[in-house]
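Report on the following structure.
When a ligand or atom number is given, it counts from 1 through the structure's own listing order.
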Amino acid sequence: MTLWGGRFSEGPAELLWGYTVDHTDRRLLEVDIEGSIAHVAMLKDVGLLTAPEHSQIEEGLRQLKADARDGSFVFEDGDEDVHSAVERRLVELVGEVGEKLHTGRSRNDQIALDLRLYIQKSARHRAAELAGFASLMSDLAEQHVDTLIPSYTHMQQAQVTSLAHHLLAYAWMALRDRERFHDLLERIDSPLGAGASAGSSLRLQPEATASALGLRGAFENSLDAVASRDLVAEFAFASAQAMVHLSRLAEELVLWSSSEFNWLTLADSLATGSSALPHKKNPDLAELVRGRTAAAIGDLTTLLVLQKGLPLAYNRDLQEDKPPLFRADDALAGALAALRAVLVSAEFHPPAPGPWTATLDLAEALVERGVPFRQAHQAVGRLVAGLVATGRTPAEATVPDLVDADPRFLESDLGKLDPMTSLARRQTPGSGTPWSISAQIQKIRAVVET
Ligand code: ARG
């Protein structure tokens with residue numbers, strides 16, 4: 001039985017039903033019922049339901065919510081969507097009074113509300129998980145303050161730094177990703193009362209349902225309330241951007257676990273083998289985080305394109321927002337859990353940075369003596385060229401090499417080429433020095449507490 005049969009002389013064709021009905025929205029079951037509980041409370045307050053009617057309906061809805069929780073709520077083939085399923089079940093449970101549930105409401109404002117309530121819950125969960133991820137990176141960083149690695153630019157070794165520095169870069173990304181979820185929570189208002197499109201002649205109180213649901217306030221414009229899906233796209237963007245950050249980390253974990261890099265060893269239980277090559281140990285979790293980021297970006301694109309050509313207000317096209325929303329949400333939750341497990345159990349053992357990663361220190365020694373940076377850069381360039389030409393590394397450089405390159409070098413400058421010295425001499429905040437790492441960890445922990 002459809003919610004709208006009265007006007008039709010025959011029931012829906014199998015083709016219509018098969019093509020238009022999609023029970024993906026069953027994931028909204030609990031929030032749909034929560035929205036209905038707030039709605040009927042308002043209906044009672046404005047006198048559209050008597051107190052006994054209200055308590056019968058509310059009791060029924062609470063029963064349905066319990067069924068939704070324990071998985072005993074059954075969708076039937078004849079249910080057009082989650083809203084129809086709830087109304088059908090309610091009438092089965094409480095009888096005719098259940099037919100008053102949809103008073104002053106349309107599925108158009110109802111679905112807009114369900115999406116908001118779903119996003120509110122998910123955004124809070126993802127934000128908490130991202131905070132946890134930043135904490136995990138801080139804990140790992142604490143263990144690797146003295147583990148030297150090269151930083152990279154253009155995928156070439158650049159400067160000496162610590163593994164802690166590298167790991168904390170991802171903590172800061174996670175904190176911004178978390179902030180994006182917090183930001184969007186501030187924009188969630190209630191569309192309930194917008195009706196099908198242009199409101200209702202009934203004395204509804206949208207502000208009352210909004211505050212009962214803990215939302216910022218009621219909609220300002222009913223057409224906007226039922227037509228817009230920018231919140232869904234915003235949630236998908238926050239998810240996709242977080243996925244992109246995790247994907248970059250995943251790529252590094254793949255690279256680092258290769259025998260060429262050999263920066264880390266994955267736990268046996270979190271790596272896979274090859275059906276053909278007995279020696280293989282593959283980083284599939286990280287690879288799939290990277291791979292699933294493709295779909296997360298696609299889901300954001302789908303949500304944007306879905307909206308772009310739609311006239312106001314509600315259009316059935318909008319039903320298609322659910323699969324990408326849920327997929328994007330699951331992708332991020334899954335990726336955070338996967339990388340967390342990989343990182344916690346991995347053993348980090350990067351080899352020392354290459355010999356050329358402290359050349360900037362040598363140039364800066366000249367700058368300290370008043371030499372223009374461009375000249376200092378040229379001088380160190382000459383030293384590097386000379387060493388390369390004679391097949392030597394900076395560790396094998398001699399004082400004559402230095403003075404040949406530029407007479408303003410001092411004998412003591414040779415020591416500046418040592419990687420540990422290079423890191424210890426770094427003055428800038430936010431870098432990889434032990435003092436900067438502990439300052440960053442302190443800040444991250446303080447942000448996570450908020
Ligand atoms: N299943 C629909 C959706 O997801 C709910 C709203 C349907 N409204 C309607 N008038 N058919 O968007």
Side-chain angles (χ1 to χ4, degrees), residues 1-8 11-36 38-39 64 68 73-90 99 101-122 188-200 206 209 219 222-236 299 302-330:
M1 251 271 280
T2 61
L3 299 174
W4 37 261
R7 183 236 178 273
F8 291 81
E14 220 173 284
L15 180 137
L16 174 120
W17 209 249
Y19 195 73
T20 60
V21 173
D22 173 8
H23 287 166
T24 307
D25 64 359
R26 71 172 64 210
R27 223 164 130 165
L28 299 172
L29 186 56
E30 266 192 60
V31 291
D32 190 79
I33 297 168
E34 283 164 22
S36 288
H39 180 64
L64 295 189
F73 188 106
V74 180
F75 270 69
E76 289 183 357
D77 292 345
D79 295 331
E80 194 179 14
D81 50 30
V82 63
H83 324 300
S84 319
V86 169
E87 192 169 320
R88 173 199 40 90
R89 255 323 271 149
L90 182 70
E99 293 181 7
L101 171 68
H102 215 48
T103 306
R105 194 174 66 174
S106 152
R107 284 180 295 166
N108 299 349
D109 56 348
Q110 194 177 351
I111 188 62
L113 176 68
D114 291 2
L115 288 168
R116 284 162 169 79
L117 295 178
Y118 176 90
I119 287 173
Q120 188 180 45
K121 283 186 197 208
S122 274
I188 304 185
D189 60 5
S190 173
L192 218 48
S197 60
S200 165
T209 34
F219 62 92
S222 67
L223 295 176
D224 175 33
V226 296
S228 298
R229 292 294 181 271
D230 50 295
L231 179 71
V232 183
E234 199 176 356
F235 180 85
D299 290 330
T302 300
L303 286 163
L304 292 170
V305 178
L306 187 61
Q307 300 170 68
K308 77 176 256 303
L310 292 184
L312 300 188
Y314 178 81
N315 296 274
R316 186 70 180 267
D317 312 45
L318 292 175
Q319 175 170 298
E320 299 304 301
D321 59 4
K322 273 142 226 86
L325 167 65
F326 298 148
R327 265 199 316 263
D329 194 17
D330 291 342

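- Near D81, meaning under 4.0 Å from one of its heavy atoms, ligand 1 places the atoms 1 (N), 5 (C).
- Contact record, L318 with L310: CD2-CD1, 3.6 Å, taken as the closest heavy-atom pair.
- Nearest protein heavy-atom contact of atom 6 (C) of ligand 1 is Y314 OH, 3.4 Å.
- The pair E87-R105 does not meet the salt-bridge criterion, since no charged nitrogen lies less than 4.0 angstrom from a carboxylate oxygen.
- Across all non-hydrogen atoms, the minimal contact from I33 to V86 is CG1-CG2, 4.0 Å.
- In this comparison of H23, Q319, E320, R316, the heavy atom closest to atom 1 (N) of ligand 1 sits on Q319.
- For the pairing with E76, the salt bridge (charged side-chain N to carboxylate O under 4.0 Å, His left out) check across R26, R88, R89 returns one residue only, R88.
- Listed by atom number, the atoms of ligand 1 under 4.0 Å from K322 heavy atoms are 3 (C), 4 (O), 12 (O).
- The protein heavy atom nearest to atom 10 (N) of ligand 1 is N108 OD1, 3.3 Å.
- Of all protein heavy atoms, the one closest to atom 11 (N) of ligand 1 is R107 NH2, 3.5 Å.
- When each atom of ligand 1 is checked for a heavy atom of H83 under 4.0 Å away, the hits are 5 (C).
- Separating the CG atom in L15 from the OG1 atom in T20 is a distance of 9.0 Å, to the nearest 0.5 Å.
- The shortest N/O to N/O separation between R229 and ligand 1 does not fall below 3.5 Å.
- Salt-bridge check for D330 with R27: passed, with a basic side-chain N closer than 4.0 Å to an acidic carboxylate O.
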